[in-house]
Every structure is written in C-alpha cells, then in structure tokens.
Protein chains: 2
Amino acid sequence: MVNLADVARQAHVSQMTVSRVINHPNLVSDEVRDLVNQAIKAVGYQPNRIAKALVNQQNYVIQFIVLEDIATVEPNYAILLLEIAEVLNQKGYTLEISTILEPNSHVDGLIVSGWRDSDLERLSAINVPMVLYGQAPTWYDLPYVDVNNRMGTSLATTHLIEAGYKKVIYIGMTMALPFVREREQGYLETMAKHHLVSRTYDVSNHSHDAEKLIQNIIAHLPKNTGIVCATDRIALGVVRALKAQSQIPENYGVVGFDGVFIDQITSPKLTTIKQPFRQLANTLVSNLLNQLHHSELKTELIQPRLVKRDSTRQV
Amino acid sequence: MVNLADVARQAHVSQMTVSRVINHPNLVSDEVRDLVNQAIKAVGYQPNRIAKALVNQQNYVIQFIVLEDIATVEPNYAILLLEIAEVLNQKGYTLEISTILEPNSHVDGLIVSGWRDSDLERLSAINVPMVLYGQAPTWYDLPYVDVNNRMGTSLATTHLIEAGYKKVIYIGMTMALPFVREREQGYLETMAKHHLVSRTYDVSNHSHDAEKLIQNIIAHLPKNTGIVCATDRIALGVVRALKAQSQIPENYGVVGFDGVFIDQITSPKLTTIKQPFRQLANTLVSNLLNQLHHSELKTELIQPRLVKRDSTRQV
DNA sequence: TTGTATGCGTTATCAT
DNA sequence: ATGATAACGCATACAA
C-alpha cells in the first residue's frame, strides 16, 4: 500500500505538505503543489479512507434502512439502491443496507425508507443526521425527499382528459400513508379544476385485487373511461381485466404510477408516471451530506414524468 | 465514544487485557475475564471498526459488483442485495455496491454477478478474494455459487410429467450463458430418462416475445401439454398467451423459474422453481469470508425448490 | 497471566 | 510556506 510517506519521499517534502496539497491546496505554494501532484501520480497514491476516518472521527458510512416488507416494492428498491450506492461511492462514502432501525455508532448518516407514521416518533428521537425517503408530516421536523406525488396523478389525470376520455376515475390504495393521500389529491384537484365529477375506488396494492374490482364494476363502467391508478401494480390488474375484451386504449385508458419494471411487462405496455430514481438518489444523498457538513435541514419534492405508451390513446 | 481505555479504567486492568478478553479470551484468567466483561457492559463499549481496520490492514468492506444491465433482473437483485447486506452486517462487514469492475484498494473481497464469459479473463487477473454469483466454466479457477439450475428444470419437467401432461416442451433463452445451457440440459435429461420426445424453443427473455411465440405455435400445440419455461418472465408471456382461452391448467401446464416477484403477479399464479436467495446470500458470503481467513477456494450449487401453484394441475 | 511499547495512515496543532 | 509532533482506537510483539 502506497501512503503519504511514499509520496513525500518521492517529492522530497514532508508528509504534511502532501496532506495539505490534498486537503488545503491553497495553503501551499504553486511550485510545491505541482511537484507533489506529480509525485502522487508517479507513485499511484490513493488516500486511505480508514486512516482518514480514524483521525476525523468519521466513518464515511451511510446506512440505508428499509423498514417495509421488501416484497411489496422490490423492483423500485433495486433501482434506488444502486443509484444511491453509485452517488455515495463517488463522494467517498460507503452504503450499508439494513432492515432494522438500530443505528450503530459507526454510521454517519441514515436514509430511511418504508417507514410508517408510527416510526416517526422513534426516528425523530435518534440523534444522527438523516433524511427520509417519502413525504412525512410536517410536525415532525424530519427532512424528506420524495417524488411530487400530487403532481404525478395530476399529470396522469390531465393526460386522460386531454386524450378525450369522457369519464375519468381513480383507483387508489387502502393505506393510510401521506403519499397515498397525495396521489389521490392530485386526481381530485385536477378533476375539480376541469369541473368534472370525480369517482374513486380503493383496493390493496395487488394486481389480483384490482383485477377483481374491475370485473365487479365493469358493468357500470361506460365506454370511453380513463382510469388513473395509484400504482403500476394496480394498473397491471386493471389492464388484465380489461384486456379480455381488448378495449385498450379505445374504450378504456389506463395510467399507472412508478414506472419501474411492471410497466414493461404488461400487455399492452403501460402509460405511467415515472419516478426519477436517479434524481431521487442524488437528492437524498446531497441532502444528507449537506447536513453532515453544514447542518442545514431541507425537504424536497422531485418532479415526475409522464411516459405515454400503449394503454392510453395517442393525443 | 467509549473505548478500550474506558473499559480498562472501569475494570482496573490494562487496555491490553480488555483487548485480549475480546479477541483471545482463552489467554485470560477466568476472574479477570468476568470482571472485564462486566465493565464492557457497564460502560457500553462497542468496538471501533475503523481503528480495528487500520491496525489490521483490512477494511471490512465487501464489494458487490453488478455487471449486467439491472433492468433485466431487477426484482432478483433487490432480494439478493438485502440478504447479502444482512449477512455481511452480522459479521461486521459492510457492503458496497458497484456497477463497474475496478476494485479499489479499500475493498477486501468481491462478489461478482451478471458477468459474461468475456469478463472472466479480466476477473481472474484481479488479485482480490472473490466469488462469482452464477455458474462459471471450470477452466477459470474462479469459485462460484449458484442455484442448481439443472436440478431446477429437472424438477419442473418431472412435475409436469407426473401431473399427467402428455407432451412436455421447453422454452429457453437465446443467450450463450452457462446457466442457460444448464436449465436446458435439466429438461433434456429428464425427458430422456422418461423416454419422452423433447422439443425446445428459444426466445429472448421478454414476456412479449414468449407471448408471440405461443401465438405462432398454438395451432400445432396439442391439448394436455406442459411447458417448462427458462424464466418467470417467459412464463408470464406464455400464461398471457394461453389465458385468453382460459386453458390453464387443464389443457396447458406452465412452470417458470426464479420465483421472485413476477410469479406473484401473473394470473393464474405461477408454479415456479424458487431460487433460495437467503441461502445463496449466506453461501456467497461465507465462501468469501472463508477465502479471506483460510484462503480455501470452493464452489457450491444450492438446491432450488418447486412451488406448486395454479398454472399446473394439482397432482 | 498480565502489562508496556510501538505502529497502522492520516490530520490538527504548533513551531519555524 | 513548510515541517515536527502528537493523537485517533486498536492489536501485535515483546517483556515481566
């Protein structure tokens, strides 16, 4: 392992000068700085994160905590995790993954996902920099990053209206979580804005439930109806129920939400609201590192994107 | 932060004695050991991984490298990653995730997945302990862990035969990877063993392709046929193509492979070969840690499990 | 069986 | 502007 001493020897300066060139280059004269930089390249020096961590009393470890059952959201997490890991590694941090909330002293910061309202009390008691993935109630002072769920369903609803579907209904989820309410609100608001009558249904977030719901209400569902779904999973069930009559997208238009994996395996392919996971990952990480360095708390909503495919009419 | 010195003071012994109690308890007298252990609890000591890493010239970081396009296998990876992370954390290691092959000096070991044959040359040149996820050719001396793919399709084929399907065909993948060949072999062998005529087709690993294939060959496909699919994705397309006539499982039986996520969202629910991801994760990790400590190379195949659901007849 | 001295690679502090 | 020294927490080698 090549260390500071090796570089120092090569450049005929002291260890400290090398350390300064790396951490406080403006405190070093131009000539010496160039000399040292050359030496660093020549010997192939790579800073030792462990030694740095020891002296700085930091660990350069961020823990990603998944509190919900993975099975419910698998594809999303794979993407998000990989994005976060990449961003973190770039900044010299390591990502640790955990499924329980019990922060060890060796983590510098927490990214928490899949939490329920009942977790927030416990979370706000923990004295480690953290950022939540998912919109949290404001009365806890916990910074969060999320996609703008309300805007998402609003985009979906607008798209269906503009595509000429006469009636537009919403199929939501039976979960008391902020993002669930937000998605519903996005639909309701947009319908109100267009002076249209809204109609919502609730199912569990499983394709088979959504499929059954549609089979039950199909008799009362006029042709030329648009269906905004709270998730791609629900949309999958809806599409399956309607496909038998191959009435998509002529008689029924379907829009999902998430845009990960499921949207690609439906038939017809799903028009959906895509969560920008790369951007979410970037924002989560920079948010957290900002807290570590400058200790500012900040909450952010990221804009989603409508992806038009075959389950809705081309406008 | 409470350290060895704090414990030592509490127990009225030296730092070294405390260190010994932790690392070599048999070198310490019983009384002193008990005393120190009490002190450890009393002051709430937690070993500092960073300091340990520095002195041991280890980093306690394992890198998980995903070389293939994530989009093709998302759900599987989410599960595998979380399992690996959990096992690793238990053993005091941290998991780092990367999508490129360029091991930094700060990683102690590599778990490599999604590699192609063309990567193996480069991999075997890297001088860091590693284990591959996925069966590799034996002429590279790289240890790997994989599910027993051959046994998997064999289980699937046997199940269909025993369920009374007269003809059993196989839909495989157009990829030149060992595991692809293994899965096909499992089918072919089992058919031969039962003195049955085998018939294989190939498609890309996309549900839409599989769906088209079935639509094209359905005319020549006699009733009472069993279909072994190389993946759940393919099975999903097959089920979709056959569902219009709702002939599953009476006239056609379908078995998939993987058992992650997709199998739950098909309709009817998929009979499939389940990859034991928890066991795979455990084996991958213990394999790697064995290399780190005792430097033995070992390759292992894990047994998969047949999960009978609604896409095949109950025997 | 227990304790002392030393060093891992880095950086902050203080001195020059 | 540059360098010498000490310190972070732990474990190995050696001494007692």
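Numbers restart at 1 for each chain; the letters A, B, ... are given by sequence-line order, proteins then strands.
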Item to check | D:dA11 OP1/OP2 closer than 4.0 Å to side-chain N/O of B:Ser19 | outcome: yes
Item to check | Whole angstrom value for the distance that separates P of D:dC8 from CD of B:Gln15 | outcome: 10 Å
Checklist entry - If each of B:His12 and B:Gln57 is mapped to the nucleotide of DNA chain C with the nearest heavy atom, which maps nearer the 5' terminus, i.e. the 5' end? => result B:His12
Checklist entry - Whole-Å distance between D:dC10 C1' and A:Ile50 CD1? => result 13 Å
Item to check | Euclidean distance, atom CZ of residue A:Arg20 to atom P of C:dT10 [Å, nearest integer] | outcome: 15 Å
Checklist entry - How long is the line joining CG of B:Leu27 and P of C:dT2, in whole Å? => result 10 Å
Next on the checklist: For a quick test of reading the model: is some side-chain N or O of A:Ser14 closer than 4.0 Å to OP1 or OP2 of D:dA4?
Outcome noted: no
Item to check | Nearest-angstrom distance from the residue atom CG of A:Leu4 to P of C:dT11 | outcome: 6 Å
Checklist outcome for this item: Per atom distances to the B:Val13 side chain, the nearest of D:dG9, C:dG3, C:dG9 is C:dG3
Checklist entry - Within the pair B:Tyr45 and D:dC10, is there a side-chain N or O less than 4.0 Å away from OP1 or OP2? => result yes
Checklist entry - Just by modelled atom types, is the B:Asp34 backbone N or O under 3.5 Å from a matching donor or acceptor in the B:Asp30 side chain? => result no
Item to check | Contact under 4.0 Å: B:Asn56 side-chain N or O vs D:dA11 OP1/OP2 | outcome: no
Checklist entry - Whole Å only: how far is the CE atom of A:Met1 from the C1' atom of C:dC8? => result 10 Å
Checklist entry - Does A:Asn48 make a side-chain N or O approach to OP1 or OP2 of C:dT10 shorter than 4.0 Å? => result no
Checklist entry - When rounded to the nearest 0.5 angstrom, what distance separates CD in B:Gln58 from CG in B:Asp108? => result 5.0 Å
Checklist entry - Looking across every strand, which nucleic acid part, if any, lies under 4.0 Å from B:Leu54 by heavy atom: base, sugar-phosphate, or nothing? => result base
Checklist entry - Considering only heavy atoms from C-beta outward, does the side chain of A:Tyr60 approach that of A:Thr94 to under 4.5 Å? => result no
Checklist entry - Nearest of D:dG3, C:dG9, C:dC8 to any side-chain atom of A:Thr17? => result D:dG3
Checklist entry - Can you tell me if A:Gln291 uses its side chain to pair, donor with acceptor, with the backbone of A:Met130 under 3.5 Å? => result yes
Checklist entry - In this structure, which one of A:Asn282, A:Ile111, A:Leu288 forms a side chain to side chain contact (heavy atoms under 4.5 Å, CB included) with A:Ile84? => result A:Ile111
Next on the checklist: Please compare B:Ala51 and B:His24 by the position of their nearest nucleotide in DNA chain D and report the one closer to 5'.
Outcome noted: B:Ala51
Checklist outcome for this item: note: A:Lys52, atom NZ; D:dA7, atom C1'; distance rounded to Å ~ 18 Å
Checklist outcome for this item: Between CD of A:Gln58 and P of C:dA12 the distance, given in whole Å, is 11 Å
Checklist entry - Is the base of D:dG9 touched by the side chain of B:Arg49 through a donor-acceptor pair closer than 3.5 angstrom? => result no
